[in-house]
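Sequence lines set the chain letters: A, B, ... in the order given, protein chains first and strands last, and positions in each chain run from 1. Only heavy atoms go into these numbers, but all of them, side chains included; no hydrogens, no water, no symmetry mates.
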Protein chains: 2
Amino acid sequence: MAMTISDARARDADRTRQAILHAAQQIFAEKGFAEAGIRDITARAGVNQSLVSRYFGGKLKLFEAALEAALDARLMTDLPKQDFGKQIVARFTDETGRTSPLPLMFAAAADSEARAVAERLLRDRVFEPLTQWFDGEAAHVKAARFMMVSIGFFTYRDQLRLAEFAGSVDPALRRWLEAEFQAIVDD
Amino acid sequence: MAMTISDARARDADRTRQAILHAAQQIFAEKGFAEAGIRDITARAGVNQSLVSRYFGGKLKLFEAALEAALDARLMTDLPKQDFGKQIVARFTDETGRTSPLPLMFAAAADSEARAVAERLLRDRVFEPLTQWFDGEAAHVKAARFMMVSIGFFTYRDQLRLAEFAGSVDPALRRWLEAEFQAIVDD
DNA sequence: GACGCAAGTAAACGATCGTTTACATATCAA
DNA sequence: TTGATATGTAAACGATCGTTTACTTGCGTC
């Protein structure tokens, strides 16, 4: 499953770069920025540790590249507004979809430098496009509500383990979430 | 403002313990678990670094003690249900009140050991009492909704800096929050 | 086919951090 | 007053981590 450079001929800088980037997305999401070691990442990618500094300019730059590759506001803004609630929840709970960028966001929480990078990318790549998309005088409030509910949901489901049903989504909770997101675009 | 042992006579173990605990709450909240160093904490408390291991048994035990001292579910469960929304938002936005435990919760996010401690304390000291307090067949869903909205709010306001008004609370956002919390107890 | 450079590796460097150890001193009972 | 003990300090230990350096190897070109 993990993409290592062994999949291609040995000497291919682009392929190596991609292998490191892919491994970084996984390891950062799994262990957080501070606990994710360069040696962990390069080991999963199947390359030497020194290549992170060579190809990305250091751990922080690697994190920025990994997060930037995962953030995509179109995940939200290409949905129809009349059925926004159900579809956004479906996307948030879709197991088959692409890797969620949110674990990467949380990964940056405890490191001041990584958090600065994450906040900047989140603002430029998600919050601003979302505010534009809501497109009214209350657009910034709608964007804030969207961020709050989304952050709360993902944190509760993925970061905390508060109850036995935290891993999946309780049907009653799902209905509430759908109504909540729909109300944001309808208000 | 910071409580150091210089406020009392020099040799007082209890006073020293309290000074370390108080400094730990501040530093952990400011810098996160990983970035908060023993030397930072003991320096603010005005004591030697080795006393953390002596009095608390290590950094992790110190964090647990600091978080436990800050968590108090009565912050929520002693409010009247008929005016829950406005009063809980008032408490959450009260600048004059005690130190919020939530920065300490976030401080643990990126460290696996600290997160395990924080999750256990959050479940036992907040989530379970809250579920008991809601007291119905949908009590666990209500508690989940409460956690999601609270986490989203605090994360957005205190952790992210997404917009110029993120530091304070926009009036429209406040009205939405109040209605949101009130709906949880009314449903 | 030999040369030159890109690509990759191994090993060490330098700094930080939590913890432990050895030592100094203030407090209090006898 | 004196000695035992609690309290506090200074310094070093051991481990980890990000980064850099020196070196090796493979690919393309003339």
* Asked: How does each nucleotide of nucleotides 18-23 of chain D score, in 5' to 3' order, for protein heavy atoms under 4.0 Å: base (B), sugar-phosphate only (S), or none (-)?
  -> BBB---
* B/D186: partners by side-chain hydrogen bond (donor to acceptor under 3.5 Å, both in side chains), with sequence neighbours left out -> B/Q182
* What ring pair (Phe, Tyr, Trp, His ring centres under 6.0 Å) pairs are there with at least one residue in residues 58-80 of chain A, not counting sequence neighbours? -> A/F28-A/F63, A/F33-A/F63
* **Rounded distance (Å) that lies between atom P of C/dT16 and atom CG of A/D111** => 15 Å
* Structure fact -> When rounded to whole Å, the CD1 to P distance for the pair A/I41 and D/dC17 reads 12 Å
* **Qualifying side-chain hydrogen bond (donor to acceptor under 3.5 Å, both in side chains) pairs with a residue from residues 49-59 of chain A, counting only residues at least two apart or across chains** => A/N48-A/S50
* To do: Specify the separation, in whole Å, of atom CG of B/L62 and atom C1' of C/dC17.
  => 15 Å
* To do: Let me know the distance between CZ of B/F56 and P of D/dT7, rounded to the nearest Å.
  => 13 Å
* **Contiguous pairing runs of three or more, Watson-Crick or G-U under 3.5 Å, that involve DNA chain C** => C:1-30 with D:1-30
* Structure fact -> B/R15 CZ to D/dG8 P, in whole Å, measures 12 Å
* Asked: Atom CG of A/D14 and atom P of C/dG8: how far apart are they, to the nearest Å?
  -> 10 Å
* What residue pairs, at least two apart or across chains, pass salt bridge (Lys or Arg N to Asp or Glu O under 4.0 Å) with a residue in residues 18-40 of chain A? -> A/E30-A/R44, A/K31-A/D40
* Asked: Considering residues at least two apart in sequence or located in another chain, which fulfil the side-chain contact (heavy atoms from CB on, under 4.5 Å) criterion with A/A179?
  -> none
* Asked: In terms of the angle between their ring planes, are A/F127 and B/Y156 parallel, tilted or perpendicular, with boundaries placed at 30° and 60°?
  -> tilted
* **Residue pairs involving residues 125-135 of chain B (criterion side-chain hydrogen bond (donor to acceptor under 3.5 Å, both in side chains); sequence neighbours excluded)** => B/E68-B/R125
* Looking at residues at least two apart in the chain, or sitting in another chain, which of them share a side-chain contact (heavy atoms from CB on, under 4.5 Å) with B/A138? -> none
